[in-house]
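A, B, ... follow the sequence lines: proteins, then strands. Residue 1 opens every chain.
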Amino acid sequence: MRYLPLTPDDRSAMLAKIGVSSVDELFRDVPAPARAPRFALPAHAGEMEVERALARLAAQNTTAGSGPFFCGAGAYRHYVPASVDHLIQRSEFLTSYTPYQPEIAQGTLQVLFEFQTQVALITGMEVANASMYDGSTATAEAVLMAHRITGRNRAVLSGNLHPHYAETVRTMAGLAGEIVTAPVTPGVVDELAPLIDAGTSCVVVQNPDVFGLLRDLKPIAEAAHAKGALLIAVVTEPISLGLVESPGAMGADIVAGEGQSLGNGLNFGGPYVGLFATREKFVRQMPGRLAGQTTDSLGRRGFVLTLSAREQHIRREKATSNICTNSGLCALAFSIHLALLGETGLNQLARINHMRALQLAERLSCIPNVELVTPAFFNEFTLKLPKPAVDVADALADLGIIAGVRASRLYPHQPALRNHLIVAATETNTDSDMEAYGRALAEVLA
Amino acid sequence: MRYLPLTPDDRSAMLAKIGVSSVDELFRDVPAPARAPRFALPAHAGEMEVERALARLAAQNTTAGSGPFFCGAGAYRHYVPASVDHLIQRSEFLTSYTPYQPEIAQGTLQVLFEFQTQVALITGMEVANASMYDGSTATAEAVLMAHRITGRNRAVLSGNLHPHYAETVRTMAGLAGEIVTAPVTPGVVDELAPLIDAGTSCVVVQNPDVFGLLRDLKPIAEAAHAKGALLIAVVTEPISLGLVESPGAMGADIVAGEGQSLGNGLNFGGPYVGLFATREKFVRQMPGRLAGQTTDSLGRRGFVLTLSAREQHIRREKATSNICTNSGLCALAFSIHLALLGETGLNQLARINHMRALQLAERLSCIPNVELVTPAFFNEFTLKLPKPAVDVADALADLGIIAGVRASRLYPHQPALRNHLIVAATETNTDSDMEAYGRALAEVLA
Amino acid sequence: MMNAQGRPTSSGIADKSAAATTSGHHGLDHEEKLIFEIGHTDVTGVDLPEMDLATNRLGGLARRQPIGLAGLTEPQVMRHYVRLSQRNASIDASFYPLGSCTMKHNPRLNEKLARLPGFADIHPLQPQKTVQGALCLIGELARWLKELTGMPAVAMTPKAGAHGELCGMLAIRAAISARGETRTRILVPESAHGTNPATAALCGFTVESIKAAEDGRVDLAALKAALATDVAGIMLTNPNTCGLFERDMIAIADAVHAAGAYFYCDGANFNAIVGRVKPGALGIDAMHINLHKSFSTPHGGGGPGAGPVVFSALLAPFAPLPLFVHDSNGFRLIEDMDEARAAGATPLGRMCAFHGQMGMFVRALAYMLSHGEDGLRQVAEDAVLSANYILASLKDVVSAPYDGPCMHEALFDDEFLKDTGVITLDIAKRLIDEGFHPMTVYFPLVVHGAMLIEPTETEPKASLDEFIAVMRALAQEANDGNFDRFWNAPLLAPRRRLDETAAARKPILRWRPEPAA
Amino acid sequence: MMNAQGRPTSSGIADKSAAATTSGHHGLDHEEKLIFEIGHTDVTGVDLPEMDLATNRLGGLARRQPIGLAGLTEPQVMRHYVRLSQRNASIDASFYPLGSCTMKHNPRLNEKLARLPGFADIHPLQPQKTVQGALCLIGELARWLKELTGMPAVAMTPKAGAHGELCGMLAIRAAISARGETRTRILVPESAHGTNPATAALCGFTVESIKAAEDGRVDLAALKAALATDVAGIMLTNPNTCGLFERDMIAIADAVHAAGAYFYCDGANFNAIVGRVKPGALGIDAMHINLHKSFSTPHGGGGPGAGPVVFSALLAPFAPLPLFVHDSNGFRLIEDMDEARAAGATPLGRMCAFHGQMGMFVRALAYMLSHGEDGLRQVAEDAVLSANYILASLKDVVSAPYDGPCMHEALFDDEFLKDTGVITLDIAKRLIDEGFHPMTVYFPLVVHGAMLIEPTETEPKASLDEFIAVMRALAQEANDGNFDRFWNAPLLAPRRRLDETAAARKPILRWRPEPAA
Ligand SMILES: Cc1ncc(COP(=O)(O)O)c(C=O)c1O
Ligand SMILES: Cc1ncc(COP(=O)(O)O)c(C=O)c1O
């Protein structure tokens with residue numbers, strides 16, 4: 001086996017040193033019924049064979065790059081500079097563990113410190129952690145954190161929060177309190193203020209929301225704060241922050257976000273990278289790892305994991321979260337991509353995305369009976385079609401066009417959303433992609 | 001521009017320090033007629049645009065991996081383990097120069113020392129250099145070296161030496177003496193002994209030859225040595241050395257080889273890696289770089305470039321060759337792949353290649369009017385078809401099968417070779433590839 | 001380009017500390033500033049067309065303040081991250097016997113395959129008929145996991161071990177509710193990984209610690225004594241965090257089940273037994289598997305990972321959405337609760353958006369196919385053999401609290417350092433100077449000054465021998481009273497010991513621009 | 001897994017030399033044996049099916065002796081090469097101002113594109129109709145090269161600069177023969193790169209050195225005096241190896257042509273003028289371009305490169321096979337001499353098997369498209385600006401033999417070290433300790449103790465400033481008589497100074513097994 005360096009001679013010598021005659025003796029503590037020398041599984045295979053087997057499966061999927069492609073709804077296709085993937089594959093990043101020995105992990109630690117700073121800057125918050133699994137679990141953690149901070153346990157979710165996020169919150173935080181979800185209102189800012197009361201720990205609002213709608217968070221922030229509740233802002237498209245007012249500037253107390261758009265591919269849904277930012281005063285209630293600055297015994301600047309007294313490995317059942325492994329390498333990719341963009345590039349990229357979406361929305365909403373549902377948006381909008389979106393999307397897929405995400409996949413029980421299609425456009429969509437889409441949609445609806 | 005870090009402010013500050021008001025002044029030595037501020041070329045482009053443009057061109061080629069593929073004739077498709085390409089992309093290997101400062105180039109130097117050892121071992125020679133451009137130029141350098149050693153200047157080339165190699169020798173060494181080329185004899189060991197005389201510096205024989213034929217080099221080595229000439233053995237398929245007697249063991253004085261099969265892709269012909277090995281006593285007449293072992297001032301083993309007094313940067317017009325840049329990174333890939341294979345793996349791989357070729361030769365030569373021309377071979381053989389090979393290969397290409405290299409492409413002026421097709425099989429060919437080939441060839445010839 | 005021949009170099013051992021440099025760099029070890037100190041908001045490392053947004057539809061929400069993000073050109077980015085990387089230890093470059101973390105070799109084939117556009121460039125919500133290959137891959141991986149564990153069901157979406165624990169404990173909670181019961185306590189052995197009690201707490205359970213017996217296993221009597229009708233389950237790691245196999249698994253399972261509770265097994269150490277032991281035969285009800293440990297998806301400096309959970313028949317119906325279905329129409333996801341119920345399931349909910357860690361799935365399946373049944377068995381055997389070899393080779397000079405055989409990791413304590421002035425932490429830091437990543441220290445908590453050494457099966461014997469020799473030398477040095485050299489370690493790393501206390505006292509968690517002077 | 005809080009770490013500066021280690025490793029810097037000392041002939045890092053060759057057709061030539069090749073498993077291979085890599089300097093990790101070598105940033109996009117199967121997985125001899133995209137790419141690159149140089153033809157196959165020189169000189173030789181003449185001498189300025197005289201000699205010419213004028217350029221009068229009817233041509237580097245532009249190019253060309261000779265220009269330094277200067281207007285007849293310098297294909301520790309040669313109309317017909325043709329049938333290669341002759345060409349022969357360095361072509365074209373006309377001009381301007389900035393910032397303390405402006409590199413000599421006991425080599429080795437790759441030393445030969453500094457356009461100003469500060473400090477130190485610290489340098493690299501004399505005296509060029517004891 002190409003991955004196993006011990007030779008038969010090595011094994012004999014080692015057994016001799018241990019003083020047993022066979023490796024079976026080392027497994028003697030295993031109860032007999034569980035010893036399972038045979039499995040209905042194939043024997044080992046060479047690299048070429050394994051590559052062939054998986055390449056065959058890969059070839060059975062329609063890749064986003066193979067034609068016009070417009071899916072978003074929480075995962076976005078952006079162009080990632082080649083240097084990002086090159087760098088994250090460096091052995092020293094790829095094959096190291098969580099930086100528990102800071103003297104020989106300054107690379108990872110400095111990266112995390114920079115990542116935390118970038119996330120704090122784009123979200124407009126004071127501090128950020130070193131990543132969560134993804135946006136949905138970050139949102140659930142934000143709710144739990146709000147419970148801890150406020151000592152209350154009722155969370156209000158916007159109806160236009162990505163349904164997967166809402167379900168994740170209900171699953172992960174459901175045991176810790178009550179979760180109230182407002183009705184879905186595509187293209188309209190939902191009225192959450194009436195749902196907030198003295199028992200409310202937080203209001204969770206996504207911006208842009210799952211339909212792409214942009215909303216001003218200030219009113220809801222004020223409404224929440226007036227009742228002593230926190231505003232949790234969810235951002236699933238971080239590119240939007242290059243052009244849109246930050247949640248921090250609009251009054252959010254916690255920002256939970258999905259960082260995939262920066263540095264990370266679509267990957268069929270994972271691994272992604274959860275962003276988590278908040279105000280400095282809440283830092284000791286944060287979940288997850290934090291890198292902090294310090295000095296070494298010669299007085300040189302260095303970085304360590306810090307405030308571990310929040311974490312499971314120190315605090316066990318009193319920890320702020322059970323998270324251990326996070327999304328380190330995805331955070332690195334995020335950070336490299338954002339370092340390449342910088343303020344100027346992020347802003348340009350955001351403009352291009354908005355422009356693309358504007359152009360596409362204009363083109364598609366000109367088609368008879370197609371209605372643009374979202375008046376204000378960043379790079380994603382929702383159309384109301386004259387037919388069930390599932391049929392339209394299927395027909396377009398047969399024409400090689402992945403037209404977007406049908407709302408009915410996310411809201412299967414909302415007949416009113418049957419004809420809604422959520423469409424994202426990014427810098428990766430060409431003019432001819434958009435033309436092809438327009439033509440094909442007109443045809444399919446004709 | 002993403003690759004240019006100087007900012008406008010930097011540039012102003014630097015100009016001020018230099019004491020000029022514009023960069024134009026720095027170009028003042030350029031004669032006016034050559035100053036060319038405008039070119040008929042496009043402006044800069046983003047990464048995504050460049051990727052799209054080149055991906056479009058790439059998509060216009062039929063890749064070897066996309067169907068049954070059987071070309072060889074000096075370039076072979078083998079499976080290269082993923083770790084090879086990963087490692088050669090490490091910044092410290094990829095973006096370093098020739099190791100002129102050994103204290104901070106021990107990585108490259110040790111790799112070269114190991115590469116030299118591997119090449120010496122597989123060729124059965126005593127020493128090898130740190131690589132040449134490719135097999136063809138290595139062969140030309142071998143002829144020049146033989147001239148230097150023997151003080152003679154007449155080289156005899158086998159007629160079954162790859163014609164590109166023969167042409168390269170005639171071009172690069174043509175001015176240094178006479179080049180005699182024997183007639184081509186597909187499938188037959190050519191009679192070179194009669195061509196050797198007292199003015200002959202060397203005989204150049206390829207094994208397996210361009211048609212895939214294996215030959216015993218001992219007789220020709222003896223004939224050459226008897227006349228005071230050297231035997232230069234050319235190997236274009238190093239995998240063969242895992243199964244076939246080494247040139248060194250058969251009496252070769254210099255081995256010039258193409259190393260592409262190990263670690264390196266087809267790459268449409270380059271970059272490849274020239275192998276160059278010889279006897280210890282000739283080392284000071286070798287072309288190219290050599291890494292050698294030494295110690296540092298603390299007595300620790302270390303490596304340096306050595307015997308530079310052969311090289312152009314020290315000896316200038318008296319150098320053994322003008323080579324400077326060689327194929328360092330390809331040599332690294334070769335060395336990693338061979339380290340992964342080791343003796344056991346190289347032997348297994350060679351067996352698989354031979355077996356594949358045996359199976360394919362059997363299958364194809366069963367087809368009516370198809371004749372197997374090469375009685376002994378490694379992983380490549382030549383067929384004589386009942387029709388011009390160019391037509392057959394073209395027809396098969398239209399069926400998605402790249403059938404091999406027609407001899408007429410290499411020997412355009414040999415009507416007798418019009419129907420010859422040179423066919424290679426490697427571990428990358430599956431049973432179904434070979435079946436498809438057999439079926440299609442029978443059809444095309446029917 | 002070339003060196004002239006220099007004077008013969010001096011051969012005395014020069015004093016490196018005299019080699020203070022003007023630049024602050026030291027040969028190939030470079031100091032590196034923060035991106036914010038290198039880059040500038042006006043600089044960018046991408047070339048994008050300038051877009052003039054004559055109109056916009058941002059609803060008046062255009063950003064009003066600059067962000068303050070530094071941009072770097074590609075050469076600067078490359079230098080920054082290459083230099084930073086060079087300040088990290090890694091499995092690729094050195095032995096990394098971090099117990100409980102399974103720092104084994106990460107095959108590069110798996111990296112290549114995870115990047116195939118057919119896996120990396122597909123969207124989780126594109127029509128399912130366009131991702132049949134991806135769904136098939138997940139199904140295939142699920143099949144391997146079920147077969148290897150001998151368990152009938154698996155939930156694929158959890159994103160790491162701790163998330164898998166949560167999934168498993170939520171299933172237990174749902175099963176208890178479904179029975180119309182309320183049970184509030186979870187028993188957790190004191191040697192448990194921190195995620196176990198944290199997870200139980202997250203599910204609203206109270207955590208009750210069960211002490212270890214003399215032999216480093218759960219004290220069966222204590223466990224039995226603690227079982228009662230308010231106990232929802234037990235969370236037990238096996239092989240446990242002392243590197244030992246819980247011999248009484250079946251008795252434990254029987255007792256737990258007899259009490260109407262469920263048996264959660266933390267399977268993070270599955271690599272010790274994969275291909276040799278079917279945990280399904282031990283009576284467990286749920287177990288997560290860390291693909292990033294047992295199946296070698298890279299740790300990446302802290303993540304990402306994946307923590308699928310296998311379930312017994314009892315808990316299988318509670319597995320979270322989405323469910324993976326394979327029928328005559330191909331592969332399909334059930335993403336809707338009602339549809340799941342119609343199919344007879346009662347999902348506990350949804351663990352995260354989308355369908356799990358596809359990137360890890362590809363790598364793990366490639367790892368499994370590469371090893372095959374025979375290779376996986378060899379993985380377990382070699383991992384256990386190597387750990388026992390270390391135990392046997394060190395135990396005369398480094399105190400080991402428990403007798404062998406151990407499983408995949410060897411546990412030592414600080415008894416051997418008594419009265420030497422040297423502590424476990426010093427050993428760790430000294431190992432850094434010697435070119436090794438230290439073992440896990442001070443975990444598990446059940447022994448004093450723990451040192452948990454997990455060599456893994458991908459370490460050559462020569463490397464184990466080198467480590468053993470160094471550990472023996474360090475034990476000797478400590479006994480010789482040479483504590484000074486320990487206290488100052490590491491001397492040869494990019495940094496000396498870092499002040500963690502100061503870091504926590506006044507946390508600096510981000511860069512801030514220097515206040516204008 | 002975790003650190004317990006340690007004692008506050010000691011803050012005294014410990015003596016690193018006291019930190020001798022048992023393992024021989026030093027923190028993150030690892031000693032590493034040879035593959036032959038690590039691996040074994042029985043071990044392999046690939047899994048291939050065992051083939052029983054019942055029969056073979058090897059013609060009785062099966063290998064009789066074992067080879068003695070060491071095999072390593074993938075984890076061992078990974079560790080070996082990662083550790084070795086960590087003992088290299090690189091552009092990515094540090095400033096690398098190696099004059100004449102153009103160590104500029106290598107964009108990673110180019111690496112990605114060169115690996116597209118459509119370029120990397122095609123065979124040079126597969127039917128041409130199946131490689132139209134590849135041929136088109138070569139044609140496109142040829143177009144850029146011709147446009148940028150202002151020359152009408154280009155030979156794409158030469159595999160490096162020196163190979164390009166050979167191609168160009170063979171064309172000159174062929175052109176002279178075609179005129180029925182014999183000319184035997186080539187004039188080469190003394191500042192020429194070593195490949196120039198070596199190439200001329202390889203073509204059977206005698207090399208005649210032309211001295212430099214006071215200002216570092218060719219002495220026009222001396223050149224004119226040397227010209228005669230037996231002179232075949234001149235080989236002149238421009239910008240030259242002193243980093244200066246040859247002001248008299250046009251006069252030189254006129255004189256050379258008037259004498260019936262040809263003008264070969266070594267274009268290895270084209271990066272200094274690309275996009276700003278069309279060498280075609282200077283009267284040259286042939287010029288090679290190092291794609292691995294000017295167009296940033298990576299140096300790879302010594303290669304591979306590519307050295308296309310542009311030709312004037314006079315020499316164009318002699319360009320080597322294959323010729324690239326584009327007609328109504330698409331792209332086509334002329335690989336046959338007769339076909340070439342029929343097309344009116346008289347090729348000098350063939351420089352190598354197949355069609356050149358495709359891998360480099362893809363990277364170079366990606367580089368060109370990325371920069372565009374405007375970006376390439378900026379490349380030249382920034383390269384020249386940076387070199388002049390270094391010259392201006394150092395020349396008061398480091399002696400510069402020629403006045404500026406220089407082009408892409410700044411030349412210094414060792415005048416400033418006179419009587420200090422420090423020599424050029426010491427400066428180079430000291431720079432290693434400071435974290436820089438040294439400049440080129442002792443080349444060109446025309447100045448004493450040369451130091452040739454080529455910053456390139458991809459170096460940030462902060463990096464230039466850091467280098468300048470260090471160089472100024474070193475000059476000061478040398479003047480202060482602090483030679484000891486120089487003589488012992490480098491102290492902080494993986495190795496101290498290596499004994500090159502011993503290496504050459506008794507060469508050990510390969511590993512050999514230890515003789516059995
Ligand atoms: C025994 C044990 N359980 C659980 C975990 C948690 O796994 P993860 O880090 O993937 O959340 C770990 C990992 O550190 C572990 O070692
Ligand atoms: C001026 C000059 N000419 C020619 C060459 C030779 O180029 P190559 O190394 O590609 O053969 C070099 C490279 O070192 C050079 O700097």
Check your understanding: So, are A/Glu103 and C/Arg497 salt-bridged, with charged N and O less than 4.0 Å apart?
Key ->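 C/Arg497 and A/Glu103: not salt-bridged.
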Check your understanding: Hey, is C/Arg115 close enough to A/Asp85 for a salt bridge, meaning N to O under 4.0 Å?
Key ->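 Salt bridge flag = yes for A/Asp85 with C/Arg115.
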Check your understanding: Measuring heavy-atom distances to chain A, does C/His40 have an atom under 4.5 Å in its side chain, in its backbone, in both, or in neither?
Key ->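 Nothing of C/His40, per the 4.5 Å heavy-atom cut-off to chain A.
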Exercise for review: Pick one of side chain, backbone, both or neither for C/Leu170, based on which atoms fall under 4.5 Å of a heavy atom in chain A.
Suggested key: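 For C/Leu170, the contact with chain A is made by the side chain alone.
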Would you tell me whether [X] and [Y] have side-chain atoms, one donor and one acceptor, within less than 3.5 Å of each other?
| X | Y | answer |
| --- | --- | --- |
| A/Asn322 | C/Thr199 | yes |
| C/Thr195 | A/Arg316 | no |
| C/Glu50 | A/Gln348 | yes |

Check each atom of [X] against the heavy atoms of chain C and say whether the ones under 4.5 Å are side chain, backbone, both or neither.
| X | answer |
| --- | --- |
| A/Leu241 | both |
| A/Leu15 | both |
| A/Ala64 | both |
| A/Ala176 | neither |

Exercise for review: Calculate, to the nearest 0.5 Å, the distance between atoms CD and CG belonging to A/Glu92 and C/Asn88 respectively.
Suggested key: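 CG of C/Asn88 is found 7.0 Å from CD of A/Glu92.
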Check your understanding: Got a second to check how far C/Thr55's OG1 is from A/His354's NE2, nearest 0.5 Å?
Key ->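 Going from OG1 on C/Thr55 over to NE2 on A/His354, the span is 7.0 Å.
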Review point. Hey, do the aromatic rings of C/Phe354 and A/His162 have their centres closer than 6.0 Å?
Key: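 Yes; A/His162 has its ring centre under 6.0 Å from that of C/Phe354.
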Exercise for review: Taking the six-membered ring of C/Tyr81 (Phe, Tyr or Trp), confirm whether the NZ or CZ of A/Arg90 is under 6.0 Å from its centre and within 45° of its axis.
Suggested key: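 No, A/Arg90 does not lie over the aromatic ring of C/Tyr81.
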